[in-house]
Amino acid sequence: MGNLLVPWLFLVQTLVVVAISGAKVPAVIVFGDSSLDSGNNNFIPTIARSNFAPYGKDFPGGQATGRFCNGRIPSDMISEALGLKPTVPAYLDPMYNISDFAVGVCFASAGTGYDNTTSDVVDVIPLWKEVEYYVEYQKKLKAYLGDMKAKKILNEALYLISIGTNDFLENYYTLPNRRSQFTVNQYQDFIIRLAEDFVKTIYALGARRMSLTGVPPMGCLPLERTTNIMEDHACMEEYNIVALEYNGKLKGLVAKLNRELPGLDVIFADAYHVLLRLIKKPSLYGFEEARTGCCGTGRFEMSFLCDPYSPFTCQDADKYVFWDAFHPSEKTNRMITDHLLKTSLAKFL
């Protein structure tokens, strides 16, 4: 039996290398929060999970994978557009191994942020731990493909980074600690410094091509509109202004890092404006509802509050800009991803 396994293992490795050599980008490597988490939180003790119905009802096979969506998320769609696999597996999922992760791996954890205190709010994986998992992954990849091939993949992979929203909504505006230490402008600058440290850390580990996503129009997420009673559940413009200010600083950071770090190619991915267009004029894009999500009443439900037995959950999520009170529907994810692939990510195709 052992003699049969050796040529089989060699064949699998060869197929991986051939697949990689045929693509402009050999792998997609993902860091971030629930916008890109493909199921890591399923394997840690946290309430920030979505591996149950009705999540995943439009995912292939109707499977609830731990993605905070009715279907696929942007990292899946970007991977497919690059000629790689149509889904990016979660690193902590024991169903997958290094042969799967050689062309795509996700370290993201729903509920996390750049700020370590953000990950403490619902006991999720802090960003520093995502980096530790990445270092562990590098060792496994080198053992699997050899140092030279692994290094080539790590250097030429596209690193998708989407994180920051929880730092504001889950931490700064919800808990008193950071508000007692920082004004909101100071907190933006604090998060930008942490973002810079993170990029420099993975750069030192070999990452060279990165997409850094800004935060969405936070004040228009259904959960925030629900709490805006005084303005008849309109978007909370204060939060949107903060998002724009922060994104402007992040864009400035991207320019600075490209100047300072030799060989780095990092782009700023602006999802703010395309999502705001869908929210403001949903009917132009084939949607019927942008104020609430599909799941439950759509006003406050997400994670375990997104009840599989709720009679209020919509039948057709494609009519909704949002899937739950915080996360876009698969159709919205597709529109945002298509926009990014035609603009900031086009250079990597």
Side-chain angles (χ1 to χ4, degrees), residues 28 30-37 68 73-75 77-78 108-115 118 127 130 158-173 184-200 202 207 209-221 223-224 235-259 264-280 321-322 326-328 332-348:
V28 168
V30 180
F31 293 94
D33 55 24
S34 60
S35 56
L36 298 182
D37 183 357
F68 280 76
I73 53 178
S75 44
M77 298 167 182
I78 291 166
S109 175
T112 203
Y114 284 113
D115 186 344
T118 301
L127 191 55
E130 291 188 28
L158 177 59
Y159 292 76
L160 301 177
I161 304 153
S162 178
I163 191 167
T165 305
N166 296 317
D167 290 311
F168 293 98
L169 297 185
E170 185 183 295
N171 192 344
Y172 186 83
Y173 284 115
V184 70
N185 280 325
Q186 289 170 339
Y187 191 63
Q188 289 173 26
D189 294 339
F190 174 66
I191 297 300
I192 291 295
R193 286 194 297 273
L194 294 177
E196 180 173 5
D197 290 345
F198 169 72
V199 169
K200 287 180 175 178
I202 63 170
R209 305 157 98 180
M210 307 180 201
S211 168
L212 206 55
T213 306
V215 297
M218 302 184 294
C220 291
L221 302 181
L223 185 64
E224 307 312 319
C235 294
M236 294 184 70
E237 289 306 324
E238 177 195 346
Y239 288 3
N240 285 354
I241 290 166
V242 167
L244 282 171
E245 290 172 349
Y246 170 79
N247 285 348
K249 292 175 181 180
L250 193 65
K251 199 171 181 180
L253 173 64
V254 164
K256 175 176 179 278
L257 290 167
N258 278 323
R259 286 195 307 270
L264 178 66
D265 189 357
V266 55
I267 59 100
F268 171 73
D270 179 11
Y272 180 102
H273 290 96
V274 62
L275 180 54
L276 190 63
R277 285 198 296 273
L278 303 185
I279 292 166
K280 294 292 188 185
V321 173
F322 291 95
F326 208 80
H327 303 98
T332 300
N333 281 335
R334 166 57 66 195
M335 289 186 168
I336 292 170
T337 302
D338 285 349
H339 170 76
L340 295 177
L341 288 168
K342 289 172 187 169
T343 54
S344 54
L345 292 174
K347 67 194 297 185
F348 299 117

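- Closest of all the heavy-atom pairs between Y246 and Q188 is N-OE1, 3.7 Å.
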Verdict with reasoning, L244 to N240, per side-chain contact (heavy atoms from CB on, under 4.5 Å): CA-CA 6 Å; L244 282 171; N240 285 354; 5.7 Å; no
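- Between the side chains of N166 and T118, no donor-acceptor pair of N or O atoms lies under 3.5 Å.
- Between the CG atom in L257 and the CG atom in L212 there is a gap of 8.0 Å [rounded to 0.5 Å].
- Among residues at least two apart or in separate chains, side-chain hydrogen bond (donor to acceptor under 3.5 Å, both in side chains) pairs with a member in residues 265-275 are D265-K347, D270-H273.
- In this structure, T165 and P216 have side chains that are in contact, with non-hydrogen atoms separated by less than 4.5 Å.
- Considering every non-hydrogen atom in both D33 and G164, the closest pair reads OD2-N, 3.8 Å.
- Salt bridge annotation for D338-K342: absent, with no cationic side-chain nitrogen under 4.0 angstrom from a carboxylate oxygen.
- Rounding to the nearest 0.5 angstrom, the gap separating the SG atom in C220 from the CD1 atom in I279 is 4.5 Å.
- Annotation for A110 and F68: closest pair CB-CE1, 3.3 Å, computed over non-hydrogen atoms.
- Applying the side chain to side chain contact (heavy atoms under 4.5 Å, CB included) test to D197 and every residue at least two apart in sequence or in another chain returns nothing.
- Residues C235 and K280 are in side-chain contact: their nearest non-hydrogen atoms beyond the backbone lie under 4.5 Å apart.
- Looking at heavy atoms from C-beta onward, H327 lies out of side-chain contact with F322 at the 4.5 angstrom threshold.
- Considering CG of D37 and OG of S75, their distance stands at 9.0 Å, rounded to 0.5 Å.
- With I161 as the partner, the side chain to side chain contact (heavy atoms under 4.5 Å, CB included) test is satisfied by one option alone out of V266, L127, I202: I202.
- Shown here are the salt bridge (Lys or Arg N to Asp or Glu O under 4.0 Å) partners of K251, two or more places apart in sequence or in another chain: there are none.
- Between L169 and L221 the shortest side-chain heavy-atom distance falls below 4.5 Å.
- Distance CZ/F348 to CG/L340: 12.0 Å, rounded to 0.5 Å.
- Looking only at side-chain heavy atoms (C-beta outward), E238 and Y173 come within less than 4.5 Å of each other.
- Between E196 and K200 there is a salt bridge, since a side-chain N of the basic residue sits under 4.0 Å from a carboxylate O of the acidic one.
- Ring pair Y114/F190: centre-to-centre distance not below 6.0 Å.
- With no hydrogens or angles considered, a side-chain donor-acceptor pair links D115 and Y187 at under 3.5 Å.
- Nearest heavy atoms, T332 versus L278: CG2-CD1, 3.7 Å.
- Note on ring orientation: taking the six-membered ring where Trp is involved, the planes of Y159 and F31 are parallel (angle under 30°, cut-offs 30° and 60°).
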After noting the C-alpha distance and the side-chain angles of N185 and K249, does the key distance pass the side-chain contact (heavy atoms from CB on, under 4.5 Å) rule? CA-CA 10 Å; N185 280 325; K249 292 175 181 180; 4.1 Å; yes
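- The OG1 atom of T213 sits 8.5 Å away from the CG atom of L250 when rounded to the nearest 0.5 Å.
- Atoms CD1 and CE, from I241 and M218 in turn, are 11.0 Å apart once rounded to the nearest 0.5 Å.
- Of the candidates S34, S211, S35, S162 forms a side chain to side chain contact (heavy atoms under 4.5 Å, CB included) with just one, namely S35.
- For the pair V242/V215, no side-chain contact is recorded, criterion being any heavy-atom separation below 4.5 Å from C-beta on.
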Would you sort out whether M210 and V254 count as a side-chain contact (heavy atoms from CB on, under 4.5 Å), showing the intermediate values? CA-CA 10 Å; M210 307 180 201; V254 164; over 6 Å; no
Apply side-chain contact (heavy atoms from CB on, under 4.5 Å) to residues L345 and L158 and explain how you reach the verdict. CA-CA 10 Å; L345 292 174; L158 177 59; 4.3 Å; yes
